[in-house]
Amino acid sequence: MITVVQKTVKGLPLLELTKAELANESLPLVFFYHGWTGCKEKVLTQGYELAKQNFRVILPDALYHGQRQVGGPADDHFLEFWQIVANSVKEFPILVKAYQDQVGIARQQIGVSGLSMGGITTCALLKIYPQITAAVCLMGSPCPVAFARQLIANLPGMDQLDPKYVDAQLDQLAIIDLSRDPQKIAGRPVHFWHGTADEMVPYQPTRDFYERIKDHSYAAKVTFTTTEKAKHKVSYETTVEMAQKFQKYFK
């Protein structure tokens, strides 16, 4: 049986999933991050599949999402999208330390995954934290600067802004841009999944990133699954593949 416990850890709301008989044991720790306007409860399917692999699974609420909504729905915070991603990156080591102190992390194996905004967060975490063991990015992007440029190009009034100001703002995202420093993968196993008909996070830039790095030694364990004509939705089959990747990585 899989147990789901709603917790607040260091002031941060999350769901923790484990097999009931393993709840008090030291286990590999895997984070799964939800998408834009989502919440931790919306990714319970992914959490269940990961917990079935004998992991302790953490599903956090991102800033302004789920229990952390402030002043209305997450949609109202569209202009703070990148602040939300950066905030999840900042909070990650706080949660890791809390679990290390409370129950321990088996073999220091730490995984990160997520879908959409959560996939973007996954790539950002890989860029920053070498203690991460493995990652799976589902329909996210390792190229936040380029993706942000595409997003803001469609906002009304953007043509009135000084391009130098826009460039300066976007350059602040470089610190979490894996595509600008892909050697930070450093031989770790990383898997990407993306559908070719994704209408929210374009497929091609992520595929191009993979093609650019795949023959380098630091990316020897990077893999990619393409689903033709798939849109911006993670199927159950892809969820199972994600969980099985971690099971293979953490053997």
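For the single chain, residues carry numbers from 1 onward in sequence order.
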Worksheet item: Mind checking whether Leu126 and Lys184 have side chains closer than 4.5 Å, heavy atoms only?
Response: no
Worksheet item: Can you name the closest pair of heavy atoms from Arg188 and Ile132 and give their distance?
Response: CD-O, 2.9 Å
Worksheet item: Has the side chain of His34 got a donor or acceptor atom that lies under 3.5 Å from a matching backbone atom of Glu41?
Response: no
Worksheet entry | From CZ (Arg180) to CD1 (Ile175), nearest 0.5 Å | 12.5 Å
Practice prompt. Please examine the side chains of Tyr249 and His191, heavy atoms only from C-beta on, and report whether any two atoms are closer than 4.5 Å.
Written response: yes
Worksheet item: Honestly curious: do Ile128 and Phe209 fall in one hydrophobic cluster under the side-chain, below-4.5 Å linking rule?
Response: yes
Discussion item. Donor-acceptor pair, distance only, cut-off 3.5 Å: does the side chain of Ser141 make one with the backbone of Ile120?
Written reply: no
Worksheet item: Do you know which two heavy atoms are closest between Gln109 and Ile105, and how far apart they sit?
Response: O-CG2, 3.4 Å
Item to complete: Looking only at non-hydrogen atoms, find the nearest pair between His77 and Val70 and report the distance.
Response: NE2-O, 2.9 Å
Item to complete: Report the C-alpha separation of Leu14 and Val9 in whole Å, then their side-chain angles, then the decisive distance to 0.1 Å, and conclude whether the side-chain contact (heavy atoms from CB on, under 4.5 Å) test is met.
Response: CA-CA 7 Å; Leu14 55 84; Val9 177; 3.8 Å; yes
Fill in: Separation of Asp177 CG from Lys127 NZ (nearest 0.5 Å)
6.5 Å
Fill in: Any pair counted as salt bridge (charged side-chain N to carboxylate O under 4.0 Å, His left out), so long as it reaches residues 217-233, sequence neighbours left out
none
Worksheet item: Side-chain donor-acceptor pair under 3.5 Å between Thr18 and Thr3, yes or no?
Response: yes
Fill in: Which atom of Pro182 lies closest to which atom of Ile213, heavy atoms considered
CB-CG2, 3.8 Å
Worksheet item: Where the side chain of Thr206 meets the backbone of Gly140, is there a donor-acceptor pair that is under 3.5 Å apart?
Response: yes
Worksheet item: Roughly how far, to the nearest 0.5 Å, is the CD atom of Gln69 from the CG atom of Leu63?
Response: 11.0 Å
Worksheet entry | Considering all heavy atoms, the nearest Ile176-Pro144 contact | O-CG, 3.8 Å
Discussion item. Less than 3.5 Å apart, any donor N or O on the side chain of Gln244 or Glu49 sitting next to an acceptor on the other?
Written reply: no
Worksheet item: Do Val136 and Leu125 share a hydrophobic cluster, counting only Ile, Leu, Val, Met, Phe, Trp and Tyr and linking them when any side-chain heavy atoms are less than 4.5 Å apart?
Response: no
Item to complete: Check whether any side-chain heavy atom of Glu16 sits under 4.5 Å from a side-chain heavy atom of Lys7, and report yes or no.
Response: yes
Discussion item. With a 4.5 Å cut-off on side-chain heavy-atom distances among I, L, V, M, F, W and Y, is there a chain of contacts connecting Trp193 to Val112?
Written reply: no
Worksheet item: Phe224 vs Tyr203 aromatic rings, parallel, tilted or perpendicular, using cut-offs 30° and 60°?
Response: perpendicular
Practice prompt. State whether the side chain of Arg56 and the backbone N or O of Ser26 hold a donor-acceptor pair below 3.5 Å, judged by distance alone.
Written response: no
Fill in: Heavy-atom donor-acceptor pair, His216 side chain to Lys214 backbone, under 3.5 Å
no
Worksheet entry | Nearest heavy-atom neighbours spanning Cys123 and Cys137 | SG-SG, 3.8 Å
Discussion item. Looking at Asp101, I'd like to know if its CG atom is crowded, meaning that more than 12 non-hydrogen atoms belonging to other residues, nucleotides or ligands lie closer than 6.0 Å.
Written reply: yes
Worksheet item: Hey, are Tyr48 and Thr239 close enough side-chain-wise for a donor-acceptor pair under 3.5 Å?
Response: no
Worksheet item: Tell me the side chain to side chain donor-acceptor pair (under 3.5 Å) pairs involving residues 81-92, sequence neighbours left out?
Response: Arg68-Glu91, Asn87-Glu91
Item to complete: Indicate if Met242 and Leu44 have the same hydrophobic cluster label, given that clusters are the connected sets of ILVMFWY residues with side-chain heavy-atom separations under 4.5 angstrom.
Response: yes
Discussion item. Under 3.5 Å, is there a donor on one side chain and an acceptor on the other for Gln6 and Lys40?
Written reply: no
Worksheet item: Val96, Phe32: one ILVMFWY side-chain cluster at the under-4.5 Å cut-off?
Response: no
Discussion item. Quick one, Glu80 with Tyr64, criterion side-chain contact (heavy atoms from CB on, under 4.5 Å). Give me CA distance, side-chain angles, the key distance, then yes/no.
Written reply: CA-CA 9 Å; Glu80 295 160 279; Tyr64 303 134; 3.3 Å; yes
Worksheet item: ring pair (Phe, Tyr, Trp, His ring centres under 6.0 Å) with Phe92: which of Tyr99, Tyr129, Tyr33?
Response: Tyr129
Response to the item:
In this structure, OG1 of Thr227 is separated from NE2 of His194 (nearest 0.5 Å) by 10.0 Å
Practice prompt. Show your reasoning for whether side-chain contact (heavy atoms from CB on, under 4.5 Å) applies to Leu178 and Ile185.
Written response: CA-CA 8 Å; Leu178 185 64; Ile185 292 171; 4.2 Å; yes
Worksheet item: Can you find a heavy atom in the side chain of Met117 that is under 4.5 Å from one in the side chain of His65?
Response: yes
Worksheet item: Ring centres of Phe250 and Phe55 under 6.0 Å apart?
Response: yes
Discussion item. Working to the nearest 0.5 angstrom, can you tell me the gap between Leu17 CG and Ile2 CD1?
Written reply: 7.0 Å
Worksheet item: Any side-chain donor-acceptor pair under 3.5 Å between Ser113 and Gln46?
Response: no
Item to complete: Check whether any side-chain heavy atom of Thr223 lies under 4.5 Å from a side-chain heavy atom of Lys245, and answer yes or no.
Response: yes
Discussion item. Taking NZ in Lys19 as the centre, count heavy atoms belonging to other residues, nucleotides or ligands within less than 6.0 Å. Is the count above 12?
Written reply: yes
Worksheet item: Quick one: CZ on Phe147 to CE on Met200, what's the gap to the nearest 0.5 Å?
Response: 7.5 Å
Discussion item. side-chain contact (heavy atoms from CB on, under 4.5 Å), that's the test. Do Val30 and Gln53 meet it? Break it down for me.
Written reply: CA-CA 11 Å; Val30 181; Gln53 304 296 334; over 6 Å; no
